[in-house]
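Quick note: numbers below take in every heavy atom, side chains included, and nothing from hydrogens, waters or symmetry partners.
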Amino acid sequence: GGKLEALGELEKIIAAGRNAVGKTHFWHFGKHPQLDFFYVVRLERGSMLRSLRQREKARQDYDWLIANYPAVPDAFIQRGENSFDESKFEDALSDAEHAIKLNPYGEPQRILRFQALFNKKRYEEVLEMTSSIIEHGGTREGLSQAFYYRGRTHKERRHNDLALADFEQ
């Protein structure tokens, strides 16, 4: 089974509807209202569909989540990553920026933003953003991505010594 079996179970929950799920709630990070279990199920199904490369179906889940939970950044991030996978960098950037408005300190949306900026060849903004993350710190993943994209940006600008210094971090 694996992912397909799990996807089938998630689809059963969604088919049963929000009321059938009960009153199970989850707290979300930050200043967001309590999220119901249905939110978590839809977000997980979207992630699973994306991992199975069923991007249009994943987008439908993310669109539903955004319409029903517009103050929570997760679905914007996931939809942006889905768009990034499809090389729709303007859409990815738009979702990253919206998620940043909802939570300016969230690392996933900031990573998505500088990845999209890099692919749109907006190198000055990439350098500003990645340098800020490096200067102020972050998780291992965030710093790794920041050094990598700053290095790639330096390489694109033919600043090979600076690129090499970042790639060695």
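Contacts of Y149 classified as ring-ring contact (aromatic ring centres under 6.0 Å, His included), with partners at least two apart in sequence or in another chain: F114, F118. With sequence neighbours left out, R42 forms a salt bridge (Lys or Arg N to Asp or Glu O under 4.0 Å) with D61. Q169 meets the side-chain hydrogen bond (donor to acceptor under 3.5 Å, both in side chains) test with no other residue; sequence neighbours excluded. In this structure D95 satisfies the salt bridge (Lys or Arg N to Asp or Glu O under 4.0 Å) test together with R79, sequence neighbours excluded. Shown here are the side-chain hydrogen bond (donor to acceptor under 3.5 Å, both in side chains) partners of Q78, two or more places apart in sequence or in another chain: S47, Y62. With sequence neighbours excluded, no residue forms a salt bridge (Lys or Arg N to Asp or Glu O under 4.0 Å) with E56. Residues satisfying the side-chain hydrogen bond (donor to acceptor under 3.5 Å, both in side chains) criterion with E97, sequence neighbours excluded, are R113. Not counting sequence neighbours, the partners of Q115 by the side-chain hydrogen bond (donor to acceptor under 3.5 Å, both in side chains) test are Q145. H98 is linked by a ring-ring contact (aromatic ring centres under 6.0 Å, His included) to F76, counting only residues two or more places apart in sequence or in another chain. Partners of K120 according to the salt bridge (Lys or Arg N to Asp or Glu O under 4.0 Å) rule, which considers only residues two or more places apart in sequence or in another chain, are E90.
Annotation: salt bridge (charged side-chain N to carboxylate O under 4.0 Å, His left out) contacts involving residues 99-108, sequence neighbours excluded, are absent.
N82 places a side-chain N or O within 3.5 Å of a backbone atom of R55 that can act as its donor or acceptor partner. Formation of a donor-acceptor pair under 3.5 Å by the S94 side chain with backbone atoms of D91 is not found in this model.
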Name every donor-acceptor pair, under 3.5 Å, that has one atom in a side chain of residues 125-135 and the other anywhere in the protein, sequence neighbours excluded.
residue	atom	partner	partner atom	Å
E125	OE1	R122	NH2	2.9
E125	OE2	R122	NE	2.7
E125	OE2	R122	NH2	3.1
T130	OG1	V126	O	2.7
T130	OG1	L127	O	3.4
S131	OG	L127	O	2.8
S131	OG	R150	NH1	3.2
S132	OG	H136	ND1	3.4

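In this structure, CD1 on I111 lies 9.0 Å from CD on Q109, to the nearest 0.5 angstrom. With rounding to the nearest 0.5 angstrom, the NZ atom of K121 is 9.0 Å from the CZ atom of F89. L162 contributes atom CG, which lies 11.5 Å from atom OG1 of T153 (distance to the nearest 0.5 angstrom).
In this structure the side chain of Y69 reaches within 4.5 angstrom of the side chain of W64, judged on heavy atoms. A 4.5 Å side-chain heavy-atom check between Y123 and L117 finds every atom pair outside the cut-off. Taking the side chain as every heavy atom from C-beta outward, L93 and F84 never approach each other to under 4.5 Å.
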>> Show, in sequence, the C-alpha distance, side-chain angles and deciding distance for Y148 and F167, and conclude whether the side-chain contact (heavy atoms from CB on, under 4.5 Å) test is met.
In response: CA-CA 6 Å; Y148 175 74; F167 289 144; 4.0 Å; yes
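Listed here is the closest heavy atom pair of L143 and G138: CD1-O, 3.6 Å. Here the closest non-hydrogen pair linking N103 and P73 is CB-CG, 4.2 Å. Here the closest heavy-atom approach between residue A92 and residue L112 is recorded as O-CD2, 3.9 Å. Of all the heavy atoms in A99 and I77, the pair that sits closest is CB-CG1, 3.7 Å.
Look at E86 and R59 and you find a salt bridge, because one of the NZ, NE, NH1 or NH2 atoms lies within 4.0 Å of a carboxylate O, short of that distance.
In this structure, H154 and H159 have tilted ring planes: the angle between them lies in the 30° to 60° band.
Put simply, M48 and V40 are part of the same group of oily side chains (I, L, V, M, F, W, Y) that touch within less than 4.5 Å, one to the next.
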